[in-house]
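Below: one structure, written as structure tokens.
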Amino acid sequence: MNNTELKAIFDQQAAHYDEQWNKTAPIRDGLLFLLEAVFANLPADAHILSIGTGTGEELAYLARRFPSWRFTAVEPSGEMLNVCRAKATREGFITRCEFHEGYLDSLVTDTKFAGAICLLVSQFILDPTARSAFFQQIADKLQPDGILASSDLSAEIGTDHFEALLRLWQRVVAPANISSEGLARMRAAYSKDVAVIAPAAVADIIAAAGFEPPVVFYQAGLIHAWMTRIATNAAR
Ligand SMILES: C[S@@+](CC[C@H](N)C(=O)[O-])C[C@H]1O[C@@H](n2cnc3c(N)ncnc32)[C@H](O)[C@@H]1O
């Protein structure tokens, strides 16, 4: 899937995105609960970069818990960003937000961010070199001790481990559509449209962009989340 196709899909899903994923809210909530701890030592005036913000669930969660933090949201889908803006207005944190409709490479800012969040985004970059370049762009926007939290669907396709998790995942995300054909479609999508690769391979991609070896701080089904910081010896 290229960027235009991906943007069209998220534009089309935006209005019902939160409702659609409400069924897996416990998974998201668990991740956000731990994310709060990952970022707990950042200063009271931290500025956070959110890449692939979507409808802004992670922004809303952090904004509630850290009332002086500011956020820069990068999101190519204008419709997803509109839902995020409306949420920020409703929840009263819009004055702490800047919104960039587009990709990271067109974000113009002098800010060096204390932390970056990138939840369920890098999995859409199929080429490993481009995926590492994406994390390099994030690293370039962070302070020298900046923290990254990133999550993706991850597993080693072709293994029994993956097949077991995939069957579980189907029951979680598509319970109304349990069939072997449905499972085959999901398996095909995860090897073609979404770069579902082994957790160690994702960690290597992130580390290659100038981060310390990432640590998995959360796993639920196929979702894995890594935390890391800029490598102390990173040349920048
Ligand atoms: C699965 S959604 C996740 C949204 C949100 N982070 C969450 O966890 O609810 C992925 C989002 O990333 C955006 N996206 C896809 N590719 C991107 C890229 N290369 N850079 C920034 N955002 C991207 C999509 O438009 C979409 O809103």
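A quick note: this is a predicted structure, and the numbers were derived from the prediction, not measured. Order of appearance sets the numbers: ligands from 1, and atoms from 1 within every ligand.
No continuous path of hydrophobic side-chain contacts links Val202 to Val194 [ILVMFWY only; heavy atoms under 4.5 Å].
Residue Phe10 approaches ligand 1 through these ligand atoms, each under 4.0 Å from one of its heavy atoms: 1 (C), 2 (S), 10 (C), 24 (C), 25 (O), 26 (C). Residue contact check: Thr53 has heavy atoms under 4.0 Å from atoms 5 (C), 6 (N) of ligand 1.
The closest side-chain donor-acceptor pair between Thr72 and His47 falls under 3.5 angstrom. For the residue pair Ser106 / His100, a side-chain donor-acceptor distance below 3.5 Å is found, with atom types taken as modelled.
Scanning the protein for heavy atoms near atom 10 (C) of ligand 1, the closest one is Leu120 O, 3.3 Å. Among protein heavy atoms, atom 15 (C) of ligand 1 sits closest to Leu6 CD2, 3.8 Å. Here the heavy atom of the protein found nearest to atom 17 (C) of ligand 1 is Val121 CG1, 3.6 Å.
Phe124 pairs with exactly one of Phe10, Tyr190, Tyr103 by the ring-ring contact (aromatic ring centres under 6.0 Å, His included) rule, that one being Phe10. Among the candidates Asp11, Asn3, Thr4, the single residue satisfying the side-chain hydrogen bond (donor to acceptor under 3.5 Å, both in side chains) test with Lys7 is Asp11.
Every N/O-N/O distance between Tyr103 and ligand 1 stays at or above 3.5 Å. Of the N or O atoms in Leu119, one or more lie within a sub-3.5 Å distance of an N or O in ligand 1. Of the N or O atoms in Ile51, none lie within a sub-3.5 Å distance of an N or O in ligand 1. The shortest N or O to N or O distance between Glu75 and ligand 1 is below 3.5 Å.
Under the 4.0 Å criterion applied to side-chain N and carboxylate O atoms, Arg187 and Glu163 are assigned as salt-bridge partners.
Residue Tyr17 places a heavy atom less than 4.0 Å from ligand 1.
The residue among Glu58, Met80, Met1 with a heavy atom at the shortest distance from atom 9 (O) of ligand 1 is Glu58. Selection from Ser151, Gly102, Gly52, Ala14 by nearest heavy atom to atom 5 (C) of ligand 1 gives Gly52.
Between His224 and Trp226 there is a side-chain heavy-atom pair separated by less than 4.5 Å.
Aromatic ring pairs are classed by plane angle as parallel below 30°, tilted from 30° to 60° and perpendicular above 60°; the pair Tyr17 and Trp21 is tilted.
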